[in-house]
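Step one of this worksheet: look at the structure below.
Excluded from the calculations below are hydrogen atoms, water molecules and symmetry mates; all remaining heavy atoms, backbone and side chain alike, are included. In this text the structure is predicted, and so the values were computed from the model without any measurement.
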Protein chains: 2
Amino acid sequence: MKWDQLEEEPCSMARTIGVIGDRWTLLILRECFLRTRRFEGFQSALGITRHLLAERLKKLVRQGVLRRIPYQESPKRHEYILTQKGLDLYPIMMALVHWGDTHMVDERGRPLLHEHRKCGKMFDPVMVCSECGEPLSAKEVHVHPGPGARPASEKVSLDKKAKPKSRRQAA
Amino acid sequence: MKWDQLEEEPCSMARTIGVIGDRWTLLILRECFLRTRRFEGFQSALGITRHLLAERLKKLVRQGVLRRIPYQESPKRHEYILTQKGLDLYPIMMALVHWGDTHMVDERGRPLLHEHRKCGKMFDPVMVCSECGEPLSAKEVHVHPGPGARPASEKVSLDKKAKPKSRRQAA
DNA sequence: ATTTGACAGTTCAATTTTAGAACTGTATGA
DNA sequence: TCATACAGTTCTAAAATTGAACTGTCAAAT
């Protein structure tokens, strides 16, 4: 599959993955949320090759996740700043961090703690239902086709048509 | 950088990315949450090469995200089922979907709608503070080093030591 | 009894990506 | 004039991914 096809899939998750779903991009975004703004800053914080960094930044700008803003003339220099679209990635970042905090810490404990300014306490992020406010878990959620779903008639695999398959016992 | 180094970084996000931070893995997990369990199921839904699929599944099992469970003898066949650790990825998945729903839909609207069984309504996921219940945004959160933070003395870039750098005006 | 097909992989050459390192070019400060 | 900051670009070698074919067990159909 070509990765730019991902963005055309009738699946919001696939589309998101098409934009931010690779390791370097995610790490670059981590740095953005930690207030890194400049090429050298990203490069030395991450150890990413300059080539890839340039490419990833360009893509994020194209996608509207970052904005490239001049901070000095001669020589022209730019900073990479999160747009609102980029800032909206925050729940994804926090969800990634929280899973790591829960399942990947060593005996020493969490590398970072998060303080919520409004209430002043150290917190964990919790995902709740926008309608009733209750915490969500996979089993309590039912999925329905939405208006942008692909008609059942053209259900195909992610790239080419799935080979026609009969089923013996499989559902 | 070698990707298995990521899991040893003193950063929960990097560690999580080390486990699930590549495109195919994320798509495989999407299928898991949509109740796909078998090799052929993943393969035909995603169009991933069999080689990579086998590798990714193996890695997810090694990491404890999936469990490989026999569902028939002769020939031995197994299903891949989310463990609790895997189920706990749900907020990440929902956060990815929700960002796509918000920023990547076309004129036709969302491909999928989510119904919360408890309250019966179509919902969006909202990330809130575990302490005060208020919705979170990046700007209201302060980060502090936790017990597992790396001592400042050995602050280095993600792979090799950062080259010593002076700073002129950079922060 | 033989053929067909489901299923879950494994193998291998060709292609694409990524890593690592050096190089380009403008400008500042010593 | 020389060294350094900064933001890239260019190049080759190494690693990952694709695409396609192949392996092997078993069940059902002919």
Side-chain angles (χ1 to χ4, degrees), chain A residues 1-6 21-28 31 36-61 66 68-80 157-171, chain B residues 1-6 18 21-28 36-61 66 68-80 157-171:
Chain A
M1 185 183 22
K2 276 69 181 186
W3 281 116
D4 34 341
Q5 288 186 305
L6 260 189
D22 78 285
R23 287 147 150 150
W24 282 126
T25 299
L26 253 3
L27 290 170
I28 289 167
E31 289 307 308
T36 299
R37 294 157 137 70
R38 301 184 185 175
F39 194 92
E40 295 293 316
F42 292 110
Q43 205 282 321
S44 73
L46 297 175
I48 184 176
T49 63
R50 310 176 73 76
H51 180 48
L52 258 203
L53 175 57
E55 200 143 74
R56 293 291 195 265
L57 288 173
K58 226 173 264 174
K59 183 176 176 192
L60 287 169
V61 170
L66 298 178
R68 189 159 170 274
I69 295 180
Y71 68 88
Q72 70 172 38
E73 296 293 319
S74 86
K76 277 222 164 205
R77 292 281 180 267
H78 301 81
E79 295 189 310
Y80 296 89
S157 79
L158 262 191
D159 57 351
K160 51 201 65 175
K161 260 138 287 171
K163 331 192 236 293
K165 40 174 263 195
S166 59
R167 66 235 65 82
R168 187 174 39 162
Q169 50 163 303
Chain B
M1 185 182 21
K2 275 72 181 184
W3 281 117
D4 33 341
Q5 288 185 305
L6 261 190
D22 78 284
R23 289 149 148 147
W24 281 126
T25 299
L26 253 2
L27 290 170
I28 288 167
T36 298
R37 293 156 137 71
R38 301 182 185 176
F39 193 93
E40 295 293 317
F42 292 110
Q43 205 283 319
S44 72
L46 297 175
I48 185 177
T49 62
R50 309 175 74 74
H51 179 49
L52 257 204
L53 175 58
E55 201 143 73
R56 293 292 195 264
L57 288 173
K58 228 172 261 173
K59 183 176 175 194
L60 287 169
V61 170
L66 298 179
R68 190 160 170 274
I69 296 180
Y71 68 91
Q72 68 171 41
E73 296 294 318
S74 88
K76 276 223 165 206
R77 291 281 180 268
H78 301 81
E79 296 188 310
Y80 296 89
S157 79
L158 261 190
D159 56 354
K160 52 200 63 174
K161 260 137 285 165
K163 333 191 234 293
K165 40 172 262 194
S166 59
R167 65 234 67 79
R168 187 174 40 165
Q169 49 163 305

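If B:E73 and A:H78 are placed on DNA chain D by their nearest nucleotide, the residue sitting closer to the 5' end is A:H78. Comparing A:E55 and A:S74 against DNA chain C, the residue whose closest nucleotide sits nearer the 5' end is A:E55.
The phosphate of C:dT10 has OP1 or OP2 within less than 4.0 Å of a side-chain N or O from B:K58.
Residues satisfying the side chain to side chain contact (heavy atoms under 4.5 Å, CB included) criterion with A:K58, sequence neighbours excluded, are absent altogether. By the side chain to side chain contact (heavy atoms under 4.5 Å, CB included) test, B:R56 pairs with B:D22, B:W24, B:T25, B:I28, B:L52, sequence neighbours left out.
Between the NZ atom of B:K76 and the P atom of C:dG9 there is a distance of 12 Å, rounded to whole Å. Between the P atom of D:dT18 and the CD atom of A:Q5 lies a distance of 12 Å, rounded to the nearest Å. The nearest whole Å value for the distance from the CZ atom in B:R37 to the P atom in C:dA6 is 22 Å. Counting to the nearest Å, the C1' atom of C:dT16 and the CG atom of B:L52 are 13 Å from each other. Distance A:Y80 OH to D:dC6 C1': 12 Å, rounded to the nearest Å. The CG atom of A:L53 sits 16 Å away from the C1' atom of C:dT17 (whole-angstrom rounding). One interatomic measurement links the two molecules: CD1 of A:I48 to P of D:dA7, which rounds to 15 Å at whole-angstrom precision. Atom CZ of A:F39 and atom C1' of D:dG8 are 5 Å apart (whole Å).
The side chain of A:T49 sits closest to C:dG20 out of D:dT17, C:dG20, C:dA8. Considering only the side chain of A:A54, D:dT9 comes nearest among D:dT17, D:dA7, D:dT9. When each of D:dT17, D:dG8, C:dT18 is scored by its nearest atom to the side-chain atoms of A:R56, the top-ranked nucleotide is C:dT18. Distances from the side chain of B:W24 to the nucleotides D:dA7, C:dA27, D:dT17 place D:dT17 closest. For B:H51, the listed nucleotide lying nearest its side chain is C:dT11; candidates were D:dG8, C:dT11, C:dG9. Here the side chain of A:R77 is nearest to one of D:dT17, D:dC6, C:dA6, namely D:dC6. Side-chain proximity of A:Y71 to D:dT18, D:dA7, C:dA19: nearest is D:dA7.
For the pair A:H78/A:F39, no side-chain contact is recorded, criterion being any heavy-atom separation below 4.5 Å from C-beta on.
Put simply, the side chain of B:R50 and the base of C:dA8 share a donor and an acceptor less than 3.5 Å apart.
Side chains of B:Y80 and B:R37: no donor on one and acceptor on the other come within 3.5 Å.
When atom types are taken as modelled, the side chain of A:Q43 and the backbone of A:I48 share a donor-acceptor pair closer than 3.5 angstrom.
Judged by a 6.0 Å distance limit and a 45° cone about the ring axis, B:R38 is positioned over the six-membered ring of B:Y71.
In this structure, B:F42 reaches neither bases nor backbone, as no heavy-atom distance under 4.0 Å exists between it and the strands shown. In this structure, A:R68 reaches the sugar-phosphate backbone alone: every heavy-atom distance under 4.0 Å involves primed, P, OP1 or OP2 atoms, never a base.
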